[in-house]
Amino acid sequence: MNTARRSGRLAATVLAAALTGTGLTLAAAPAAHAAASDRVAKLPFTTYSALAVDSVHERVFVADANVGSNVTKGHVAVYTFQGERLSTIELPYYASGLALSDDASTLYIGERHRVWAYDTTTLTYKSLTGVGSDQCGREVVVAGGKPYFTTQWTDPLSQCATATSHLETVSNGTYQRTGWNDAGKLLLEGGPNDTFVMGQALNSSAPNPFLSVFDGSGETPVRGATRRFADADGKGALNLKDIAVSPDGTKLALADATAGTRLLDAADLSDAPAGYQALPAGATASSVAFSGDGKYIARGASATGATPDLLVQPADPADSGTPLEFVFEGSQDGDRVVPRGMEWSADGARLFAVTTNASGNQFWLHIIQPPAVQYDVRFTGSLGHSPAQAVAGEPLAVRGKLEWDGPAPGTPMKVAATRTDADGTHDLGTFTVKADGSYAVLDEPALVGDATYTVSYRGDLTHRPANDVTHTVSVGKAASSIALTAPEQASMRTGVEITGRFTAQGRALPERAVLTVRRTDRLGSGTLSSVTVAADGTFTVNDIPRTRRETTYTVSWPGDDLHEGATASATVYVTR
């Protein structure tokens, strides 16, 4: 099985510490807070074709490409798990495609005219087999104890995108063509139990590419589940850049440059019930790899600027842990993850990733060690809120504290919160946890009545999720007020003018308030014409009194669903 994938410069959207020995800085991310190390080796190539990881001997093999040339020699660089180059295997013609035998004793290398078998301990060749000549670059995979590989021949090279690829094998030292072929590049990925997956690259001769699973245990490969992805209108076609098979063989993950990361059931290639969240905006899927223990998945991408190029997250899409995000950008790290450029060590302790620059003529091997230990996290104490009386439409803070085991996180943790009221459940977003563990969920409750706040910590690769905590707040109506300015004395001849200001706190009124005015004098009480409050909250009451002596004017507003009512009175002495 091919065991190579890659990732670029670490700027983890989840780590914000300087990485040990690399000088790289991790960008703050919405949730991950782990410490990771990233060792980087500059590859001695201007092209790239394949990567394979030997977890038995702890060696990493990276092949260049230089396809099409009949004079350029091929090279496979050999590195330790620490990023030190041990050796370089040189071949007579360009190399493309690498695969390891199941016991990691043999490395198979695709070359222009041959398939070479190398001893992974001594790095000397064991055998070579002449096969169909290739002009465009091979894919190589091992199943049933023998290598399978693709062969494309065309002239000129510009036709490689659509030229027919043939699936071939070497059995008992003899070259065989299997009879399986199709237009364009055919990607191969090994799986457990002598299976392998073949996927067709999108090209003008294959507008609706296929994906198929093969049983390679017998003398000839037998196709099992197969699928094409376009709908009746031709939309949704696969734009395949990479394939990954889960260690137990039950799931396939595809790096689809159009759709992102697709997760499929291997049995019938149907979409898994739940998929992964979308890659960050501006990132195009280029590579994908499951960790050897099946717990994590790495999703590589091509992105620019501060957009993450790599996400490392739980392989189970139902796990809400926040991904570790890495940004690769710059002359020391490359700018993006290359297609077919990532693979894990068997124990999941290291992720190997290849990056390239924007021009695609320089390459880097990253050896990333995501944190393997997970620590417990818990909410402590009870939640509280301020102000004590919550009011609809006014700011409210729900406060609590988070506690964690293990070392302090490199970047601030974040909690997520929701509010559930009579209108349903509302996502409030995430809120930063301070160094002492305290946090405040900020909100403006929209309705009067009970509002229940649920606070969650979803975990990351270093910290386990915490049990949610809830807090119910009784939300009341916002206050309103009326202030009056009236003369002490007026006359029946000139009339009374009272000015005022109406104020409603909380959420703005949908319409201007209409105030009721009542006059009370020695002849009794009665309602005068109502007044409408101006946009600035001011209003004026004008009246011609009907009798002398004390006359009281009462201005009131009944309130609404979100606001308390208000009343104010002013007494004027009326003369003739």
Side-chain angles (χ1 to χ4, degrees), residues 10-20 24-37 277 280 295-296 306-308 310-314 316 318-327 370-388 390 394-421 425-445 451-473:
L10 246 184
T13 302
V14 49
L15 314 177
L19 297 181
T20 304
L24 302 179
T25 301
L26 295 175
H33 317 285
S37 66
Q277 79 275 31
K295 292 182 179 179
Y296 300 109
T307 302
L310 171 64
L311 276 68
V312 180
Q313 64 189 82
D316 182 357
D319 192 319
S320 59
T322 304
L324 288 173
E325 296 179 354
F326 300 86
V327 176
V373 177
Q374 282 195 319
Y375 297 98
D376 287 330
V377 178
R378 68 201 68 83
F379 291 100
T380 60
S382 56
L383 297 178
H385 66 273
S386 61
E394 291 192 357
L396 174 72
V398 176
R399 304 180 188 279
K401 196 161 188 179
L402 190 69
E403 211 174 62
W404 58 85
D405 296 335
T411 59
M413 292 181 171
K414 292 181 182 291
V415 295
T418 62
R419 170 184 19 95
T420 301
D421 54 26
T425 298
H426 313 272
D427 185 3
L428 304 180
T430 59
F431 302 88
T432 299
V433 178
K434 295 181 180 179
D436 64 358
S438 63
Y439 62 85
V441 173
L442 305 179
D443 185 34
E444 288 187 4
T452 299
Y453 291 85
T454 300
V455 185
S456 306
Y457 177 69
R458 296 170 179 166
D460 54 49
L461 291 186
T462 303
H463 301 93
R464 299 183 181 93
N467 292 328
D468 293 353
V469 289
T470 61
H471 182 64
T472 299
V473 177

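We're numbering straight along the sequence, starting at 1.
Rounding to the nearest 0.5 angstrom, the gap separating the CD atom in Q313 from the CD atom in Q277 is 4.5 Å. Taken from CG in L428 to CG in L442, the straight-line distance is 9.5 Å, to the nearest 0.5 Å. Here the CZ atom belonging to R399 is positioned 11.0 Å from the NE2 atom belonging to H385, to the nearest 0.5 angstrom. Taken from CZ in R419 to CG in L396, the straight-line distance is 9.5 Å, to the nearest 0.5 Å. A distance of 12.0 Å separates OH in Y296 from CG in D316, rounded to the nearest 0.5 Å.
Between R458 and P465, every side-chain heavy-atom pair lies at or beyond the 4.5 Å cut-off. In this structure, S456 and D468 have side chains that are in contact, with non-hydrogen atoms separated by less than 4.5 Å.
Contact record, P395 with P387: O-CD, 3.7 Å, taken as the closest heavy-atom pair. Among all heavy-atom pairs drawn from W404 and A435, the shortest one is CH2-O, 3.9 Å. Minimum interatomic distance between A417 and D427 (heavy atoms only, all atoms of both residues): O-OD1, 3.5 Å.
By the side chain to side chain contact (heavy atoms under 4.5 Å, CB included) test, E403 is found to be paired with R378, T380, residues two or more places apart in sequence or in another chain being considered. Shown here are the side chain to side chain donor-acceptor pair (under 3.5 Å) partners of T418, two or more places apart in sequence or in another chain: there are none. Residues that satisfy the side chain to side chain donor-acceptor pair (under 3.5 Å) test with T454, not counting sequence neighbours, are absent from this structure. Taking D436 as the reference, K434, S438 meet the side chain to side chain contact (heavy atoms under 4.5 Å, CB included) condition, with sequence neighbours excluded. T425 meets the side chain to side chain donor-acceptor pair (under 3.5 Å) test with T420; sequence neighbours excluded. For Y453, the side chain to side chain donor-acceptor pair (under 3.5 Å) partners two or more places apart in sequence, or in a different chain, are D443.
Residues D376 and H463 bring no donor and acceptor atom of their side chains to less than 3.5 Å of each other.
Just one of L383, L402, V415 meets the side-chain contact (heavy atoms from CB on, under 4.5 Å) condition when paired with V469; it is L383.
A perpendicular orientation is assigned to the rings of F379 and Y439, their planes being inclined by more than 60° (bins at 30° and 60°).
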